[in-house]
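Below is one structure, written out as structure tokens; comments come after it.
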Amino acid sequence: MTTVTTAPPERQPEALESGVSPAREGRGSRLHRLLGSIPTGVLWALVVLWTIPTMGMFVSSFRPEIEVKTTGWWTVLPDPFPDNQTLALLVALAFIAVVVAVVGLLARLYHHLGRAGRIALPIVAVLAFVGLLVASTDATFTLENYRQTFDASTSDSPDMWQHFINSAAITVPATVIPIAFAAFAAYAFAWMDFKGRDWLFVSVVAMLAVPIQLSLVPLLQLYVGGAHVTAFGETITLFPDLDLAGTTTAVWLTHIGFGLPLAIFLLHNYISSLPADLFEAARIDGADHPTIFWRLVVPLSVPALAAFAIFQFLWVWNDYLVAATFLGTGSADAPMTVRLATLSGGRGQDWHLLTAAAFVSIALPLAVFFGLQRYFVRGLLAGSVKG
Amino acid sequence: MTAVTMDKVTKTYPNGVTAVADLDLEVADGEFLVLVGPSGCGKSTALRMVAGLESITSGELRIGERVVNDLPPKERDIAMVFQNYALYPHMTVEQNIGFALKLARLPKDEIRQRVRNAARVLQLEEWLHRKPGQLSGGQRQRVAMGRAIVRDPSVFLMDEPLSNLDAKLRAQTRAEIAGLQRQLGTTTIYVTHDQIEAMTMGDRVAVMREGRLQQIDEPEVLYSEPANLFVAAFIGSPSMNLLEGTVAVDPGGGNGAGGGATISLGEQSLALPASVLAERPGLRAFDGRKVVVGVRPEYLGDATLGEHEAPPDGARLRGDVELREALGSELLVHVRTNCRPAVTDEVRSVAGEYDAAGVELLERQAAGEGAMIIARFDARSRARVGDVAEMDVDVERLQFFDPDTGDRIAGEVPTAPATAQPAPESEPA
Ligand SMILES: Nc1ncnc2c1ncn2[C@@H]1O[C@H](COP(=O)(O)OP(=O)(O)O)[C@@H](O)[C@H]1O
Ligand SMILES: [Mg+2]
């Protein structure tokens, strides 16, 4: 770039919307301004407030069983004034204020960092915090809870690692497959002319209204014995008996079935709001439907795809009902949610293990969320503001 | 040979709207044809049928020798520039321009070379690695042009490509596009609702109204010999003054020598010499009947200056000056007369094109306020607001229209001199 630009480039250089629709950009910046009017300090205070329970669980997961069961996690903090509650409260508030300030400062720093720095900073910050805590406290910390959680020595032991893998094995296909199918379907519903298109679309969307509980029994039957119709002495097999009962396949198939209508609906909304001009220009440039889909629709729909991916991922990862129904609560193939529920033991005597196990179970969703949060915010915006 | 021929082409949308009706159009090889008309008249539909983006209900469309009615866009060898540019927002300028070549599976080197050439012609070289979102309106417009020219198609189709630019840039880009087209010699169909664009850019201009072709001819001819009231009112800025008048052919002047006619415009009247009647023989049939009289602003002169030499007696109109716009080289004077403006469907649709208030204004004038006439006076004129203006009328250049059919009342009109060029532009608000 050697010369001076004739016109100033647009404010948001990477906003894809700016090339598409000025209206969307306008709304986006309005939201931006609205958020901007809330003092940053308040926002960071909220962030800290909402993170405290997670942190509490995190701290608890390292405490010995006896202590977990008798005192709260905050007691690990050294109490400077054991005799004066008011002073102690003041110190606690001051401590929270300092944490807010530090987090805010780090966040500001974060914006100036490169890629590696952005990954390193939160890790360093968390480690520093933990280090400070450990150094300043006289409470004992232990990895015992985690050791027990991952223990796989007997058939009764928690064996959380196995269940973590189970959860992933269910969640990944249940997220990826519906997105792939739904993107194709949404494009076809939005931009291809074929007979019965509207009718078909309405019937797909209507499936959103089917409650999941309603279909549990029919689905169980389907997985156990397939589907057959008997009429005039003839039996016609609609769905073969694939012997899916009690397998993880049955679980993710079910999730795909329940995820698809919503996926098609959301993606259709987004894809149909892409400007028609683009597709016409592409047709004139010589593109056919597959080319338009892969070269235009997919790259332009990344925010919507990512937003749906996050929703579907969290929903499947946190699901209990479907997994418990199709696998049973004692299965070795059960995902973490099911195992978590049975972990505390018949009389709830093992609930100290829950802290560690629960923390393991939110690790992946947290990573996914932070990995995709950029798209998540954009996708939410795109979904709510029809462009 | 890449002429484009439309033979009775009709488009009826599934909702029953007939957007284009029996359109006969022939665009010669290398010609720059402009399709112009008020919005909603079916220009875009016509263009999109040529592009293959819209199916043809009936009629035949040929590009070159081929009938292309049922060919998909990519087999028609056309390129199109869209009103909103339709740039691919996630691709760089280079990828945008080269997209069609890439889909045609040309070798990478050649794509690169052709994209660079196009970018050089359009002065886009510096921006090749930017995305459309980072470009100004004018640059985006040029990228859209680049996407069209890089393919070297046999026909360019452009749908209001300048309507998103501001007035100044529009005037400049207008000249650039016209120059580029002349240089490339590619057959071009250009759609616009702006008659100034049409008049300045087109080799020929086709005027459409409500899906029907009104007239197709060179810009000068459209201006001086509009086929009907609609074309007369639509072409020209400021537009032609249209008044309601009654013809009275002089008694005894019925067959030639010495016999003229009188047009009465309310309380005023204009005497027409025999020569005017001789050139418009059709006018005799309107003896005693109403006609629409059209006079372009430049054929009204300030009587105190004697602009038009030796006006025949009685070829004057007068009224109160209500507004003067000094343009330096000339003076536009808005004069309130006691004549009645012509109010027909055609005039109404032009008046209401940009703003519903236009029709209301016209109706108020017809109801008694009196017609507002715009005259283009010489810059030396001393006409002031509040004065009574005496205007010489160049009666040889009056136009007459049948108020019922809207058609021009036939007869030859001398070809317009240089002054009959389209007026300096005043962009619609
Ligand atoms: N896809 C469509 N379906 C139905 N009617 C349409 C469609 N596109 C345009 N029309 C109608 O056809 C007429 C001509 O439209 P168009 O060709 O876009 O006009 P212009 O480009 O001259 O403004 C208008 O009355 C418009 O409402
Ligand atoms: Mg149009």
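All chains are named by letter (A, B, ...) in the order of the sequence lines, taking the proteins before the strands, and each is independently numbered beginning at 1. Every heavy atom of this structure was used, including side-chain atoms; hydrogens, water molecules and symmetry mates were not.
With a 4.5 angstrom heavy-atom cutoff, B:L103 touches chain A only via side-chain atoms. Contact annotation for B:A79: only backbone heavy atoms (N, CA, C, O) come within less than 4.5 Å of a heavy atom of chain A. Neither the backbone nor the side chain of A:A276 comes within contact range of chain B; no heavy atoms are under 4.5 Å apart. For chain A, the nearby part of B:R48 is the side chain; its heavy atoms alone come within less than 4.5 Å.
B:Y88 contributes a side-chain N or O that, together with a main-chain N or O of A:A282, makes up a donor-acceptor pair within less than 3.5 Å.
More than 12 non-hydrogen atoms from other residues, nucleotides or ligands lie less than 6.0 angstrom from CZ of A:F184. Environment of CZ in A:F201: crowded, with over 12 heavy atoms of neighbouring residues, nucleotides or ligands closer than 6.0 Å. Residue B:E26 places its CD atom among 12 or fewer non-hydrogen atoms of other residues, nucleotides or ligands, all under 6.0 Å distant. Crowding of A:R197 atom CZ: a count of heavy atoms from other residues, nucleotides or ligands under 6.0 Å exceeding 12.
The one candidate from B:N84, B:L87, B:D159 that meets the side chain to side chain contact (heavy atoms under 4.5 Å, CB included) condition with A:D277 is B:N84.
Within the 4.5 Å cutoff, the side chain of B:P89 has heavy atoms near those of the A:L300 side chain. A heavy-atom distance below 4.5 Å is found between the side chains of A:L296 and B:H90. Counting heavy atoms from C-beta outward, A:E280 and B:E54 have side chains that stay 4.5 Å or more apart. Residues B:F82 and A:I284 are in side-chain contact: their nearest non-hydrogen atoms beyond the backbone lie under 4.5 Å apart.
One finds a salt bridge joining B:R151 and A:D285 here, because a Lys/Arg side-chain nitrogen approaches an Asp/Glu carboxylate oxygen to under 4.0 Å.
Closest of all the heavy-atom pairs between B:R147 and A:A281 is NH2-CB, 3.5 Å.
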